[in-house]
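Let me begin by presenting the structure, written as structure tokens, before commenting on it.
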Protein chains: 2
Amino acid sequence: MTARTDRETKILDVAADMLVRHGYRRVTIDDVAGAAGIGKGTVYLHWKTREELFSAVFARAVRGAIADMVTALRADPAVALLHRFAAEFFLAILRRPLLYGMVIGDVQMWGKLVGSEAGYDGGRHNMVMASYVDVLAARGFVRTDLATPELTYAFQSVFEGFIYAERTVGSTGTRDERARLLSATVESAFSRPGTPDAALADEVAALLSGLV
Amino acid sequence: MTARTDRETKILDVAADMLVRHGYRRVTIDDVAGAAGIGKGTVYLHWKTREELFSAVFARAVRGAIADMVTALRADPAVALLHRFAAEFFLAILRRPLLYGMVIGDVQMWGKLVGSEAGYDGGRHNMVMASYVDVLAARGFVRTDLATPELTYAFQSVFEGFIYAERTVGSTGTRDERARLLSATVESAFSRPGTPDAALADEVAALLSGLV
DNA sequence: ACTTGACCAGATTTCGAACTTGGTCATACG
DNA sequence: CGTATGACCAAGTTCGAAATCTGGTCAAGT
């Protein structure tokens, strides 16, 4: 049954590509099927509706970014620190045109899926971030004079501020430099010095994996 | 000729009110004139076009926010500190539905004026912020391990991140609490301890006044 | 000298016809 | 017998012309 999975992957690849190139509105199921070299009906053997297909495209991009984060956490447990995490996540998002377009709220690219976020649960995202910050707080890796809900809110505001700033043309330096700037900002705003061990990194990775 | 100024104020009041209530698209010059108790042609004695009128409404809101900042700076020179400034400015914007709608990019409210920002020069805004941060840097009130352009970029990202976060429903606590949270974030991210004198506050006020 | 609203051109909205496309399913194929 | 397909249909979208509205003017009124 791997042929079926292969075909699914192929369809998602094609759909993602067309989505980036032409935007949500302009991509039809026929286009996708044609570009994948299969009949339209076949697409519906995998997803019940057009929206489900494109949601799947989005979900895969999210899984990809999370996989990147998990990899980074395994490679270097220090990525579990809030400021390192911020920089890695920032880059993991900007690396993916689909996610970038979603975060920026590119209506052209995502149509009505923006905001509804295509079945991807924004509430869950917030909860995971809150748990993550909780974990860091318990280990003393973040400032303790702010309650974790406030800390989480502030962190997310800062993070999204830097993401949104990407859409501004007059950005300073390179993307990597901006990631470092975000890191420096988050570090002095929220982090406390310390060196996480692999166990903590695993815990954070597990939390993230709960986002799939 | 104060009657003329009074009438101008009246028109701007009415226009601002209708703008908040009905949004850019739905407000006609006839509506505004009617609500102001004058003829349509009279409106054109004050502004050459519809766009100029609404730009004037926006410009007045900006001047109001800046006036608030100048007042706050005079009342307490410590507002010149980046984190105090951030909190005051945050509140000055959110206090004004027109500015809030503009910052949030409320297309419903502002129509095509969003982005073009109605003659209000976003580039100038950036320059003023950069000058302000320069002044703080020269006095040692902000961290010195970051160049001022980077510092400015980071500060603006953080600030806008908090503003954008306002549109999220699940905000923590009250608006004032969020202003304090922003302040705490900016303080530990960028500020260095110190007490500005009235001269510095005046200098900053002068910079801001250059934004009119 | 100042104000006004009738007026007009151009923009916007409306509305139905023409076309497009998501989703189904009878048929073809292996 | 199970899987894949594309012709088909209804729902949705686009298009265009007619109807309506509104920014801006200016001759007439105060």
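- Contact check for E52(B) versus H46(B): no side-chain heavy atoms found under the 4.5 Å cut-off.
- Dashed line: the shortest gap from a side-chain N or O of T42(A) to OP1 or OP2 of dT5(D) is under 4.0 Å.
- The nearest whole Å value for the distance from the OH atom in Y44(A) to the P atom in dT24(C) is 8 Å.
- Annotation: side chain of V158(B) is in contact with side chain of F190(B) (closest heavy-atom distance under 4.5 Å).
- Residue R25(B) places at least one side-chain N or O under 4.0 Å from the OP1 or OP2 atom of dT13(C).
- Between I29(B) atom CD1 and dC7(C) atom P there is a gap of 21 Å when expressed in whole angstrom units.
- Ring geometry, Y132(B) versus F85(B): the interplanar angle falls from 30° to 60°, so the pair is classed tilted.
- Atom CD1 of I38(A) is separated from atom P of dC29(C) by 19 Å (rounded to the nearest Å).
- Distance, L53(B) CG to dG23(D) C1': 12 Å, rounded to whole Å.
- In this structure, T28(A) reaches the sugar-phosphate backbone alone: every heavy-atom distance under 4.0 Å involves primed, P, OP1 or OP2 atoms, never a base.
- A cation-pi geometry, defined here as NZ or CZ lying under 6.0 Å from the six-membered ring centre and within 45° of its normal, does not hold between R180(A) and F90(A).
- W47(B) places its CH2 atom 16 Å from the P atom of dT25(D), with the value rounded to the nearest Å.
- The distance from atom CG of D30(B) to atom C1' of dC7(C) is 12 Å, rounded to the nearest whole Å.
- If you measure from atom OH of Y24(B) to atom C1' of dT22(D), you get 12 Å, rounded to the nearest angstrom.
- Using a 4.0 Å heavy-atom cutoff across all strands shown, R7(B) reaches sugar-phosphate atoms only and no base atom.
- The nucleotide whose nearest atom lies closest to any side-chain atom of R4(B) is, among dT3(C), dG23(D), dT4(C), dT3(C).
- No more than 12 heavy-atom neighbours from other residues, nucleotides or ligands sit within 6.0 angstrom of CZ on R26(B).
- The side chain of K40(A) has dG6(D) as its nearest neighbour among dT3(C), dT5(D), dG6(D).
- Residue G39(A) is the one, among R50(B) and G39(A), whose nearest nucleotide of DNA chain D lies closer to the 5' end (criterion: closest heavy atom).
- Computed from coordinates, the L45(B) CG to dG24(D) P distance equals 14 Å when rounded to whole Å.
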